[in-house]
Amino acid sequence: MTNQKPSIPRGTRDFGPDQMARRNYIFDKIRTVYQRYGFQPLETPTLENLSVLMGRYGEEGDQLLYKVLNTGDFLNGVTPQDLEAGSKKAAYKLSEKGLRYDLTVPFARYVVMNRGELTFPFRRYQIQPVWRADRPQKGRYREFYQCDADVVGTDSLLCEAEIVAMVHEVMGSLGIRDFCLKINNRKILTGIAETIGAAGLEGPLFVAIDKLDKIGKEKVEEELRERGFSDNSIRKLQPIFRPLSSNREMFENLQDWLHASPTGQRGVEELAKLWRFIKQMGLNEKKIQLDISLARGLSYYTGAIFEVKAIGPGGVPVQIGSISGGGRYDNLTESFGLKGVSGVGISFGVDRIYDVMEELGLFPENQTITTKLLFTNFDAEAEAYALPLLQRARQAGINAEMYPDATKLKKQLDYADRKRIPFVVLIGSEEMKSGQLSLKNMTTGEQETMPFDEVLGRFEKFEGLKV
RNA sequence: GAUGGUGUAGCUCAGUUGGUUAGAGCGCCAGAUUGUGGUUCUGGAGGUCGCGGGUUCGAGACCCGUCAUUGUCCCCA
């Protein structure tokens, strides 16, 4: 091996101690809220069989799956014809496993495999990385973490309402005071497609109108025309371009507009019921917006859909994309052989939340976990004297370490300074003789002598103050 | 899949119409200070200028190719 500059694959990142402190801060807040709402933890393997993953995220999704080369002789049984069929088709001869693409599908797989033992309705949360082989951009990575919470085994809209409540709590506990939770329902979108005479064209319709807030009315119409929607359909679609108004007004308009579509009517009813729950739970309705142009990409949603964006100073959404999204899916377990299990879930994107919080300056100071007490190392004798004390400090619950080499004190203190260790115990010949140790406060620079017991005593006090 | 930008010291970057020995700041190491960090001062180390080819008397700079990286579109967290 020649000398090579080390690197990591694009779209992936290392997380150093400072970043980890902040990321764990986010994870902890989300986990706490999930647990408070009765969700239980689940982890699934990094690798799933491709048969589990394929075909569940649309055609694009299949291409974004990371496929793992079969172990052993992966060319075994591969014919020249297979290779001639092109890399896309040949890939499935060479690979039968892939990296998980999201947490919902593995969860559905788990539910089906364990249906006999689970207590329904089953609530689980899952915090793990997922992988997507797409082109990285700002706020988009190839490896990123998702924090999912789902309920399966009930179609009660109370679950949707609880998701709305959890979004409020998570945002609140992270200090993201200003956010917008957009809600829509796939049945409404289906109803719209039926109403404008474009039933069956939901896919392209959703994709186009989802861009409304990004590219505007004209471009959306243009795209629809290109995708084969008739002028008549586009004319009937006009109500969707009305500016967002009060939720109540939107309801009334919708009811009117979609009166001829039973599916649409059901969507409106579901939304109305969800809104009643939201009111009964006393949630802040100002942050919730019914937005009939919200579509979301994942094809498996069948009912309510959610999306959360952070709002920055001046009421402008933070340009990082949505930080959370979710919805209801009725048929996810069906393709694994279990019918009639409806589920609804939410997912927070930690990486984007991190970027948002960084941009808005919402992280508390000094979350980095570090040593609280450093023992200096003068020589072998002092080292032997200090080792039992070091262990006592640790037993007392103090994050402590001893400098491993008997180098110059300057270097040891420099180390403490860089690592932001707040206290240093100096033990040399004088301290050993008298039993009076020198405790140096690195913040103030002050130094006092005291017996070791008193050092520990100090820390009890300081711990309460979160040194 | 389409399309822009950027690759020079550990990091962030400068480098004039192509012209001598490629620079700065920060960081690193040592000393001033043999038991005292953060400040200061002094000294020092560190570069196949992403890689390959071409133009030229001469290339970090210009041309071609290539790789890496970053952003945008599509799509998505």
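Everything quoted here is computed from the prediction, not taken from an experiment. Order of the sequence lines fixes the chain letters, A, B, ..., with proteins taken first and strands second; residue numbering starts at 1 for each chain.
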inquiry  = Within the 3.5 Å criterion, strictly below it, is a donor on A:E431 or A:Y385 matched to an acceptor on the partner's side chain?
reply    =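 Checked: A:E431/A:Y385 side chains show no N/O donor-acceptor pair below 3.5 Å.
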
request  = Could you tell me whether the side chains of A:E143 and A:T12 share a donor-acceptor contact shorter than 3.5 Å?
outcome  =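 No pair is found: no donor N or O on one side chain lies under 3.5 Å from an acceptor on the other.
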
The side chain of [X] is closest to which nucleotide in this list: [options]?
| X | options | answer |
| --- | --- | --- |
| A:K138 | B:A77, B:G71, B:U36 | B:G71 |
| A:Q137 | B:G37, B:C75, B:U72 | B:U72 |
| A:Q447 | B:G37, B:U72, B:G35 | B:G35 |
| A:S429 | B:A77, B:G35, B:C75 | B:G35 |
| A:F378 | B:G35, B:C75, B:U36 | B:G35 |
| A:K440 | B:C74, B:U72, B:G37 | B:G37 |
| A:E430 | B:G35, B:U36, B:G31 | B:G35 |
| A:R352 | B:C74, B:A77, B:U69 | B:A77 |
| A:R10 | B:U36, B:A77, B:U70 | B:U70 |

inquiry  = Applying side-chain contact (heavy atoms from CB on, under 4.5 Å), can you list everything that pairs with A:E221, at least two apart in sequence or on another chain?
reply    =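 side-chain contact (heavy atoms from CB on, under 4.5 Å) list for A:E221, sorted by chain: A:K217, A:R225, A:I234, A:Q238, A:F241.
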
Which residues share a side-chain contact (heavy atoms from CB on, under 4.5 Å) with A:E194, sequence neighbours left out =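 With neighbours one apart ignored, the set is A:T190, A:A199, A:S261, A:P262, A:T263.
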
Ignoring hydrogens and angles, answer whether the base of [N] and the side-chain atoms of [X] contain a donor-acceptor pair closer than 3.5 Å.
| X | N | result |
| --- | --- | --- |
| A:R135 | B:C75 | no |
| A:D417 | B:G38 | no |
| A:E431 | B:G35 | yes |

Distance between the [atom1] atoms of [N] and [M], in whole angstroms?
| N | M | atom1 | answer |
| --- | --- | --- | --- |
| B:C29 | B:A45 | C1' | 7 Å |
| B:U70 | B:G50 | C1' | 15 Å |
| B:C11 | B:U69 | P | 15 Å |

query = Any side-chain N or O of A:K211 under 4.0 Å from OP1/OP2 of B:C75?
reply =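 A:K211 to B:C75 OP1/OP2: side-chain N or O found under 4.0 Å.
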
inquiry  = Below the 4.0 Å mark, does B:G31 have OP1 or OP2 next to a side-chain nitrogen or oxygen of A:K408?
reply    =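 Answer is yes, contact under 4.0 Å.
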
message = Using side-chain heavy atoms (C-beta onward) and a distance below 4.5 Å, is A:R109 in contact with A:R56?
response =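 No, side chains not in contact.
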
task = Kindly indicate whether the side chain of A:L224, heavy atoms from C-beta on, has any atom under 4.5 Å from the side chain of A:L205.
result =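 Side-chain contact under 4.5 Å: yes.
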
query = Please give, in whole Å, the distance from B:A77 P to A:Y101 OH?
reply =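 My rounded result for the distance is 7 Å.
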
key: Pairing pattern in dot-bracket form [Watson-Crick, G-U; both distances under 3.5 Å; | = partner strand] for RNA chain B   = (((((((..((((.....[...)))).(((((.......))))).....(((((..]....))))))))))))....

message = To check you understand the geometry: which heavy-atom pair defines the closest contact between A:S324 and A:I346, and what is its length?
response =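 A:S324 and A:I346 have their closest heavy atoms at OG-CD1, 3.4 Å.
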
task = Output yes if the stacking criterion (under 5.5 Å between centres, under 30° between planes) is met for A:F144 over the base of B:A77, else no.
result =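 Yes; centroid distance and tilt both under limits.
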
message = For A:E285, is the CD atom crowded, meaning more than 12 foreign heavy atoms sit under 6.0 Å from it?
response =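 Counting neighbours around CD of A:E285, more than 12 heavy atoms of other residues, nucleotides or ligands fall under 6.0 Å, so yes.
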
